[in-house]
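Since the structure comes first, as structure tokens, the remarks are kept for the end.
Naming convention: chains lettered A, B, ... in sequence-line order (proteins, then strands); numbering from 1 in each chain. Since this is a predicted model, take the numbers as computed values, not measurements.
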Amino acid sequence: MRRTIPLILTFCVGMYPIFAFFVPHRVVTNINQNLDTYLVIVAAFALPLGVVNLVMSNINKIKKKDKGWFYSVVLIAGLCLMAFYGIMGGDQGFHAHFQWMFENAVSPLQATMFSLLAFYVASAAYRAFRARNVEATVLLIAAIVVMLGRIPIGDMITGGRLTPISEWLMTKPNAAAQRGIIIGAALGAASMQIRVILGIEQTYLGSGKD
Amino acid sequence: MAPFGIPIGVWINAFLTICILSFLYKDNPFFRFAESLFAGMSLGYYIGIVTENTLKPNLFRPMINDFWGNHNFLLVIPMILGVMLYFRYIRKIAWLARIALAVYIGYYVGVYLMQKLHGDILFQARDTIVPLTMGGIEAVWNVVIIVGVFSVLVYFYFSAEHKGALGRVSRVGIWFLMISFGASFGYTIMARISLLMGRFSFLVNTWVRPMISG
């Protein structure tokens with residue numbers, strides 16, 4: 001009973017968008033759009049679940065004065081400050097302080113954090129990329145051609161030949177492989193989604209026996 | 001407040017940038033401070049975005065401005081479903097959380113099923129299966145794409161051992177995959193380097209240069 005009702009609901013609600021796709025009647029489409037709006041709201045309600053978990057674990061760390069507890073204070077302060085001004089936005093949109101903090105803290109932190117990865121990916125690649133066999137050599141050459149093809153020195157060295165080769169690699173063999181991956185992944189995802197709708201896959205309901 | 005005539009926002013921006021870059025030397029308290037601030041502020045930013053873009057326009061404003069009009073009272077349903085997600089913390093009624101989860105999972109599974117079938121599989125297959133009548137080099141490149149897609153799909157076919165013809169075709173698939181991984185890697189590296197140049201450009205042109213030139 002406690003599992004059957006959710007399974008029936010999953011089936012009925014899951015079949016509705018499929019029905020709406022094949023029957024684009026005004027009434028059917030309206031209900032589908034309302035469902036979409038409603039479930040975006042439900043998803044938004046799930047956000048505090050994660051926030052509460054994060055805050056509680058950091059508060060425990062502060063209470064116990066664990067190693068690095070000061071960084072937990074910084075994390076919670078940053079969270080509270082940003083969330084406060086995020087919630088305080090009026091009818092005109094986001095609060096001015098929220099945008100200011102985004103432009104002067106969140107955005108540069110994010111950009112610098114990602115840019116830092118360039119060093120680590122490059123050093124990892126230096127150790128991992130070895131032309132041990134044909135496949136590894138193909139990978140290495142493709143990476144070098146694409147990297148040099150994106151900067152002026154690549155064309156300077158090769159007399160302007162590298163950019164077209166790099167573009168060809170991106171739009172032809174790369175596109176073909178990506179297409180194969182997308183089709184394969186989509187087939188896998190679709191089969192999993194059919195399993196969920198039909199109630200074969202139930203792990204999302206938890207492992208409880210009740 | 002503008003030390004050296006530079007806005008305080010630029011100082012904070014520069015300080016946090018240097019804090020993060022200091023990790024290139026080694027792990028240090030400045031980096032950990034900036035890292036924790038980034039984690040907290042990113043989540044706070046997400047809360048702000050969800051509140052401003054989802055909850056306010058779809059739930060709070062319609063319910064406060066006109067509860068009975070335009071069927072806005074029906075918004076109580078997603079509100080109840082949202083609250084039901086938290087029933088998992090109350091042991092006696094924890095199973096009710098599954099109802100909210102079932103509705104949520106069910107709907108998006110249905111939506112994504114159609115998106116995957118219609119938007120990914122059919123769309124990609126349609127762009128691959130094209131007539132080779134355009135002539136010239138484009139026809140050759142279309143053959144390359146067809147061979148690539150087919151061989152990659154064969155490589156991901158695990159229901160039979162990759163021996164004989166299947167093995168040879170899947171090997172061609174591996175080459176295509178290697179080209180793709182290499183190209184993706186190169187592309188990612190260049191995107192990261194572009195970000196790094198942006199940060200250095202900010203430090204030099206927006207922060208240091210105005211300070212020196214006064």
Side-chain angles (χ1 to χ4, degrees), chain A residues 2 6 9-10 13-14 17-18 21 37-42 44-47 71 74-75 78-79 82-83 86-87 89 98 104-106 108-109 111-115 117-118 135 138-139 142-143 146-147 150 169-170 172-174 176-177 179-180 182-184 186 189-190 193 196-197 204-205, chain B residues 9 12-13 16-17 20 32 36-41 43-45 47-48 50-52 54-55 58-59 78 81-82 95 98 102-107 109-111 113-114 116 120-121 124 141 144-145 148-149 152-153 156 174-180 182-183 185-186 190 192-193 195-196 199:
Chain A
R2 290 177 178 188
L9 270 172
T10 303
V13 182
I18 300 167
F21 181 84
T37 310
Y38 291 176
L39 289 161
V40 165
I41 296 168
V42 176
F45 268 85
L47 177 65
Y71 303 113
V74 173
L75 189 146
L79 168 64
M82 203 72 190
I87 294 166
F98 183 78
N104 293 300
V106 179
L109 278 168
T112 319
M113 199 66 101
F114 281 115
S115 72
L117 286 178
E135 286 85 3
V138 169
L139 189 144
V146 169
M147 280 193 275
R150 303 267 147 194
L169 271 180
M170 291 302 287
K172 300 296 183 296
N174 176 51
R179 219 170 258 179
I182 289 170
I183 293 173
Q193 283 150 356
V196 171
I197 289 177
Y204 66 95
L205 293 176
Chain B
I12 294 171
N13 195 327
L16 293 174
T17 301
I20 296 286
R32 303 224 16 222
S36 303
L37 191 69
F38 177 49
M41 289 188 96
L43 187 57
Y45 174 71
I47 292 171
V50 168
T51 309
E52 197 60 42
T54 305
L55 290 175
N58 294 320
L59 182 69
L81 285 173
W95 69 278
R98 283 181 188 156
V103 173
Y104 179 72
I105 299 273
Y107 180 73
V109 157
V111 168
L113 176 65
M114 293 318 294
K116 289 285 169 201
D120 280 357
I121 299 170
Q124 297 292 343
W141 299 150
V144 169
I145 289 180
V149 174
V152 168
L153 285 174
F156 286 117
I174 292 174
W175 288 346
F176 272 92
L177 283 171
M178 287 300 145
I179 292 174
S180 177
F185 175 80
M190 295 318 285
R192 297 283 192 260
I193 287 178
L195 277 174
L196 189 68
R199 294 323 299 152

Please look at [X] and chain A and tell me whether the side chain, the backbone, both or neither of the residue comes under 4.5 angstrom of a heavy atom of that chain.
X: Phe38(B); answer: both
X: Val50(B); answer: side chain
X: Ser180(B); answer: both
X: Arg32(B); answer: both
X: Tyr104(B); answer: both
X: Ile12(B); answer: both
X: Val149(B); answer: both

Can you tell me how far the [atom1] atom of [X] sits from the [atom2] atom of [Y], to the nearest 0.5 Å?
X: Asn58(B); Y: Tyr38(A); atom1: CG; atom2: OH; result: 10.5 Å
X: Arg199(B); Y: Leu195(B); atom1: CZ; atom2: CG; result: 9.0 Å
X: Leu37(B); Y: Leu109(A); atom1: CG; atom2: CG; result: 6.0 Å
X: Leu59(B); Y: Ile41(A); atom1: CG; atom2: CD1; result: 4.5 Å
X: Arg179(A); Y: Ile121(B); atom1: CZ; atom2: CD1; result: 14.5 Å
X: Met82(A); Y: Met41(B); atom1: CE; atom2: CE; result: 5.0 Å

Chain A interface, residue from [options] that has the most non-hydrogen pairs under 4.5 Å:
options: Ile174(B), Leu177(B), Ile20(B), Val152(B); value: Ile20(B)
options: Gly40(B), Gly82(B), Gly186(B), Gly48(B); value: Gly40(B)
options: Trp141(B), Phe156(B), Trp175(B); value: Trp141(B)

So which residue, [options], ends up with the most heavy-atom pairs under 4.5 Å with chain B?
options: Gly86(A), Ala189(A), Ala105(A), Ala142(A); result: Ala142(A)
options: Leu39(A), Leu169(A), Thr37(A), Ile18(A); result: Leu39(A)
options: Val106(A), Leu139(A), Val146(A), Ile87(A); result: Leu139(A)
options: Thr10(A), Thr112(A), Leu9(A), Val42(A); result: Thr112(A)

Within the side chain of Asn13(B), is there an N or O that forms a donor-acceptor pair under 3.5 Å with the backbone of Gly9(B)? no
Taking Arg98(B) for the side chain and Pro6(A) for the main chain, is one N or O donor matched with an acceptor at less than 3.5 Å? no
List the atom of Leu113(B), the atom of Gln193(A), and the distance in Å for their closest heavy-atom pair. CA-OE1, 3.2 Å
Which residues satisfy the side chain to side chain donor-acceptor pair (under 3.5 Å) test with Tyr107(B), sequence neighbours excluded? Asn32(A)
Taking side chain as everything from C-beta outward and backbone as N, CA, C, O, which of these in [X] sits under 4.5 Å from a heavy atom of chain B? Side chain, backbone, both or neither.
X: Met170(A); value: side chain
X: Val196(A); value: side chain
X: Phe21(A); value: side chain
X: Phe98(A); value: side chain

Of all residues at least two apart in sequence or in a different chain, which pass the salt bridge (Lys or Arg N to Asp or Glu O under 4.0 Å) check with Arg192(B)? none
